[in-house]
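Read through the structure below, which is laid out as structure tokens, and then see the notes.
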Number of protein chains: 2
Amino acid sequence: MPAAKPTPRSAEEIETVPPISDAEWVVMTEFWRLGEATAKDVVQALEGRQAWKPKTVQSLINRLVQKGALGFRQQGREYVYLPRVEEDRCVHEASRTFVDRVFGGKLAPLLACFLERQECTPAELEEMRKLLELQQKQLSQSAPEHQP
Amino acid sequence: MPAAKPTPRSAEEIETVPPISDAEWVVMTEFWRLGEATAKDVVQALEGRQAWKPKTVQSLINRLVQKGALGFRQQGREYVYLPRVEEDRCVHEASRTFVDRVFGGKLAPLLACFLERQECTPAELEEMRKLLELQQKQLSQSAPEHQP
DNA sequence: GTCGATCGATTACACTTGTGATCGAATTGA
DNA sequence: TCAATTCGATCACAAGTGTAATCGATCGAC
């Protein structure tokens, strides 16, 4: 069957993010970083970090297109691909799923797990503490607390 | 460097944890919780939460045995299975892999992601903040700071 | 002692994933 | 003009996964 299917959709967003496998994730990350890119761009970007043949990268791109995670437009003989799913949404979805599966949905045990093994730098510890304090401050402002 | 490699292991313990798939993880979780259990125990434990036929659960158990994640001993006609990999290690390994893949190895962005979407309860926020403070305190004691 | 219920063992089967190779058309350098 | 290169399209193929069903032995109820 010829290329009847590969016309880019006009609709920009899709509602539910498709499942993205580990290897595909590496590729998506590059597209999220680059915004738009040809297959070759991504091959070059991954060079050195990933020992993938160009054809492998192309296969992963093709699957991401099939899944609706990437779109593309034609430019001369080649395609320029671009993300069709937001990084934030995918990242959040993946995190949610992971934390649910492994930690019963709670983040604190994950943090504890990392702290136990000293997986965080002091700078990161500080950053996280600030994030938490900020969040707590905002919460306490928006939701009136009863103070004893 | 703090956090050097922990104590050398005994020769028999499995050093690298096997890959555990999503469905298998659900089963392992029950074994970690129960300590020891027959297939039927786990089927019953999962009843209501997971719409799996008993044969499906048995298949997952068999694969976990093949992978070395479960062991068993015979008891009459049936088997009593038990974990052969520590939950902590599997959980940590899975977390490490996930955070590396999705957040470039840093935990803070994951936390930020959850906070943005208000995925944490106030109690959890507080718990995490305490965890962080404790860790920071311990660090500052073990690694002396340059004096003001 | 026979029959159905019940174990674990073995088999099934489609889908996904990782990792490419091949093919035909277009492009380019000589 | 023609051979080599280079796209994307299509195909390949083994391993892993989700989701069971069937088979052969055994145990318990009559």
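Letters go in sequence order (proteins before strands), and every chain restarts at 1.
Remark: A:K55 is not in phosphate contact with C:dT19, judged by side-chain N or O atoms under 4.0 Å from OP1 or OP2.
The shortest non-hydrogen separation linking B:K67 to B:S21 is NZ-N, 4.2 Å. Considering all non-hydrogen atoms of both residues, A:L139 and B:P122 come closest at CD1-CG, 4.1 Å.
Proximity note for A:L60 (side chain, C-beta onward) versus D:dT19, D:dT17, C:dG18: the nearest is C:dG18. Distances from the side chain of B:T56 to the nucleotides C:dG8, D:dT19, C:dG20 place D:dT19 closest. The side chain of B:R63 lies closest to D:dT17 when the candidates are C:dG18, D:dT17, D:dG8. Side-chain proximity of B:R77 to the nucleotides D:dT10, C:dG18, C:dC7 is greatest for C:dC7.
B:S59 comes within 4.0 angstrom of a base, heavy atoms only. Backbone-only contact: B:D22 has heavy atoms under 4.0 Å from sugar-phosphate atoms and none from a base. Across all strands shown, B:K53 has heavy atoms under 4.0 Å from sugar-phosphate atoms exclusively, and none from any base.
Annotation: side chain of A:V43 is not in contact with side chain of A:W52 (no heavy-atom distance under 4.5 Å).
Using a 4.0 Å cut-off between charged side-chain N and carboxylate O, B:K130 and B:E126 make a salt bridge.
With rounding to whole Å, A:R101 atom CZ is found 13 Å from D:dT17 atom C1'. A:W52 has its CH2 atom 18 Å from the C1' atom of C:dA21, to the nearest Å.
Nearer the 5' end of DNA chain C, as judged by each residue's closest nucleotide, is the contact made by B:V80, out of A:E24 and B:V80.
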